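Remarks on the structure that follows.
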Amino acid sequence: MDNRGDELAWQADPVTPEPDADADPHVSHVYSHEQQRRFRVALDSSIDAIYLIDREQMRFIDANETASTTLGYSHRELLQLGPQDLKPDAGELDQIIKRFDEVIRSASKTGMIKTVHQRKDGTRLPVEVYLRAMLSEGRQIVVAVVRDISARLQAEVALRESEERFRVAFSQAAVGLAHVAPDGRWLMANQKMCEIVGYSQTELLTMRFQELTHPEDLPIDFELARRMRAREIHEKSREKRYLHKDGHYIWVNLTNSLVRDEDGNPKYFSTVIEDISRRKRVELELQHLANHDSLTGLPNRSLLQDRLSQAIGYANRMQRAMAVLVIDLDRFKNINDSLGHESGDLIIIEIGRRLAAQALDGDTLARLGGDEFVLLLSDADEEDVTMLAQRVLELVSQPLMLQGHEFYPSASVGISQYPKDGHDGATLLKNADTAMYRAKAAGRNNFQFYAHEMNARALDRLKLEGKLRRALEREEFVLHYQPQIDIRSGHIVGMEALLRWMPPGKAMLPPDEFISIAEETGLIVPIGEWVLRTACAQNRAWQAAGLPPVRMGVNLSARQFKQHDIAKMVTQVLQDTDYPASFLALEITESIVMENPELAAQTLHKLSDMGIHLSIDDFGTGYSSLSYLKRFPIDSLKIDKSFVHDLTTDTDDAAIAKAVIVLAHSMKLKVIAEGVETIEQLDFLRQQECDQMQGYYFSRPQPADQIAELFRSGRRL
Ligand SMILES: Nc1nc2c(ncn2[C@@H]2O[C@@H]3COP(=O)(O)O[C@H]4[C@@H](O)[C@H](n5cnc6c(=O)[nH]c(N)nc65)O[C@@H]4COP(=O)(O)O[C@H]3[C@H]2O)c(=O)[nH]1
């Protein structure tokens, strides 16, 4: 089939190029053999097939090597064939001949047709044929340069298919797909995208993405677009909000990339959008839970801390003042203890609601747990804060109905101000808290600004108070007991329960160091109840262990005594500990009784009617007269240890003690001398027929187990 160098074939029907009529007449038009060989080589080097066709005979009169290799015919075979033998599609041959003639006739003598050639092996080849007509030795010759376009057609088909695949994928994708012009116009949007935003495709294509974007998200979009244009980033995913046609915002996850044209100019943004509203809802709910108090829905400590740092940052930048108010409900624990946690919760919710209604936009009201709220006031000077603190007190103290009763809650408010009282959130909170304790100490239902002058001692005291608040639940209290002895028989006849506090890692604290704080804060109420319960239970345990039954003396503080339900509380404790009232002595100081004698008389009667022994403690330190005390149902008097101390040295004290004993006896009251340390003091008291003594001379206050040993030893005076 190879016919390279086939001189015979070449010479068999040589076609010499037609001499150009305008050509230089001096140039010879007779081609040399060498020239013809060069033409032949050039012709055979073409990657396109080239045929020379005798129009009249419709026969190939020459063809190059590519023609042979493409069609599978040898050169010689080809020269036996004509265009019709290449079997163009039915009816096409006429078209081809027509085209040949047009080319021959046309001025340019060129043309192009697309057809199909059949190879020798029967396979068919799509081709593009470039035609040129020429006259050679009186014959019309058509030169056909034939280009195999099968690869191109295949590529076109592949492209069409891939475009179709893209079209289907685009329109049916489960995520929203869109093209957005650099100016924000939607150029294309698939079905899913339309569903996500609720607009039809036609509607969407008249809009810009800016119209659908949440205003807060727009600046970030613009910035990202800028960075993409500047080629700083290529692709970016982010979460943002689109405005649905219904008017609600939907969260989407959006991936954007910038497509450029061949010159590198931005063409459009290709955008993939995934509806993440459901996930976002759950996420936002979780975030809300983590940052809010579940009872009131108010921000919790963690969110407050965030807001505090933001507010400080703002105040700092804008040179503004801000304030932190710590609001603590007064006596909340009492309510919780007496009415139960559910009622306590209702109060917290109600107070939270009242305070929230007062907070302005930009302020934060948080609940730190328990009965403590914090109000963060941005941009507020001292005058604003004072007015607001007053308003807070008013709001809190509005009566509220609970279990059919009317309650008058109150709160103590501590205030710290930025930048005066601290530069960071923790310090501001701590100082507002300190000021709040100050407000409590100042009698509650008031507010206090933090003052640097709150000296170290006051702070220590405040710290102590904080610790005291937690001491009960942390079980840091213990009771020691001090025996009371019948002077005549020498037997132990009673016991006084005395409170001790053992803060972890510290030395034991005597009551004088914390009772007054407990009293001021109201903590004495729950602590006192604990003392009563523990002392009764202890005495019950001693009796159950076979130790001699004695009466247990328990101190009642002023505050406890003033509780309207003190008798109820005592009854409950007696019931709970299965303790007989006759074995209980309640010790009340003279000053408590004298503070409000009418009320004291009522309460004392209630307690006495229950069979409880009542004793006036520290007698002699107040200004009451014995005859006055006669009006109260009292069983015994305790001579204060300050008189006992100097009995043997100070004749005045001795005279007072003597008189008290005589008079008390005349009123049928028993007399107990406190603080007896020496035999001399005891002798004096014995001489005066004092009934009982209590003091280091016989025993110091001791823990329960040592008292049990003392009992067992049978020791007497
Ligand atoms: N110098 C001296 N002192 C003696 C002697 N014998 C006893 N004492 C102390 O005298 C105090 C007697 O208790 P109080 O007058 O009721 O005075 C009590 C009482 O008013 C109060 N207190 C103690 N426990 C409670 C409590 O549970 N509730 C209340 N409300 N107050 C309590 O704290 C006060 C002080 O208690 P304590 O420090 O335990 O002090 C006790 C006791 O330890 C002695 O021979 N010499």
Side-chain angles (χ1 to χ4, degrees), residues 468 471-472 476-485 487 492 494-502 507-539 551-563 566 569-570 573 584-593 595 614-622 636-648 653 671-682 684-685 690 692-704 706-707 710 717:
L468 195 60
L472 198 56
E476 291 169 11
F477 291 119
V478 285
L479 289 185
H480 282 188
Y481 302 90
Q482 189 175 35
Q484 295 166 337
I485 328 295
I487 297 180
I492 302 175
M495 210 49 84
E496 182 179 3
L498 293 160
L499 182 61
R500 305 286 181 259
W501 179 18
M502 302 173 80
M508 188 170 77
L509 289 178
D512 289 339
E513 291 189 26
F514 62 88
I515 286 282
S516 62
I517 303 178
E519 181 81 15
E520 278 167 21
T521 53
L523 284 169
I524 193 66
V525 175
I527 295 175
E529 184 179 334
W530 177 87
V531 171
L532 183 65
R533 197 173 284 276
T534 310
C536 291
Q538 181 59 65
N539 206 17
R551 187 176 280 135
M552 177 63 79
V554 172
N555 291 280
L556 271 194
S557 80
R559 195 150 196 153
Q560 268 178 299
F561 190 69
K562 279 189 261 172
Q563 294 265 301
I566 175 78
M569 184 277 278
V570 175
V573 171
L584 176 64
L586 290 177
E587 301 190 3
I588 303 124
T589 61
E590 187 189 348
S591 52
I592 298 177
V593 176
E595 199 183 305
L614 297 173
S615 185
I616 295 292
D617 207 357
D618 304 343
F619 188 76
T621 54
S636 57
L637 285 182
K638 292 184 85 172
I639 304 177
D640 189 62
K641 57 178 178 289
S642 57
F643 294 102
V644 175
H645 189 258
D646 295 329
L647 272 184
T648 48
D653 282 356
V671 182
I672 306 172
E674 271 185 338
V676 179
E677 293 182 353
T678 63
I679 180 77
E680 291 77 19
Q681 290 163 346
L682 179 62
F684 177 91
L685 292 164
C690 179
Q692 292 171 22
M693 64 76 68
Q694 180 183 342
Y696 297 167
Y697 178 72
F698 184 78
S699 164
R700 283 179 175 265
Q702 296 181 60
Q706 289 178 30
I707 292 291
L710 182 71
L717 194 60

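This is a predicted model, so every value here is computed, not measured. Both ligands and their constituent atoms are indexed starting at 1 by order of listing.
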Give me the atom names and distance for the closest heavy-atom approach of Cys536 to Leu584.
SG-CD1, 4.4 Å
Write 'none' if nothing qualifies; otherwise put on separate lines each N/O atom of ligand 1 with a protein N/O atom under 3.5 Å away and their distance to 0.1 Å.
from: ligand 1; atom 1: 1 (N); to: Glu677; atom 2: OE2; distance (Å): 3.2
from: ligand 1; atom 1: 3 (N); to: Tyr696; atom 2: OH; distance (Å): 3.4
from: ligand 1; atom 1: 6 (N); to: Gln482; atom 2: NE2; distance (Å): 2.9
from: ligand 1; atom 1: 10 (O); to: Lys641; atom 2: NZ; distance (Å): 3.1
from: ligand 1; atom 1: 15 (O); to: Asp618; atom 2: OD1; distance (Å): 3.3
from: ligand 1; atom 1: 15 (O); to: Glu674; atom 2: OE2; distance (Å): 3.1
from: ligand 1; atom 1: 16 (O); to: Glu496; atom 2: OE2; distance (Å): 3.0
from: ligand 1; atom 1: 16 (O); to: Asn555; atom 2: OD1; distance (Å): 3.0
from: ligand 1; atom 1: 16 (O); to: Asp617; atom 2: OD2; distance (Å): 2.9
from: ligand 1; atom 1: 24 (N); to: Leu499; atom 2: N; distance (Å): 3.1
from: ligand 1; atom 1: 39 (O); to: Arg500; atom 2: NH1; distance (Å): 2.9
from: ligand 1; atom 1: 39 (O); to: Arg500; atom 2: NH2; distance (Å): 3.0
from: ligand 1; atom 1: 45 (O); to: Tyr696; atom 2: N; distance (Å): 2.8
from: ligand 1; atom 1: 46 (N); to: Glu677; atom 2: OE2; distance (Å): 2.5

Give every residue pair that meets the salt bridge (charged side-chain N to carboxylate O under 4.0 Å, His left out) criterion with at least one member in residues 511-522, sequence neighbours excluded.
Arg461-Glu520
Listing request: all salt bridge (charged side-chain N to carboxylate O under 4.0 Å, His left out) pairs with a residue in residues 553-563, at least two apart in sequence or in separate chains.
Lys562-Glu595
Please name all residues satisfying side chain to side chain donor-acceptor pair (under 3.5 Å) with Gln538, sequence neighbours left out, ordered by chain then number.
none
Return the orientation label for the Phe477 and Trp501 ring planes: parallel under 30°, perpendicular over 60°, tilted otherwise.
tilted
Which residue, Lys638, Gln482, Arg551, His480, forms the side chain to side chain donor-acceptor pair (under 3.5 Å) with Glu496?
Lys638
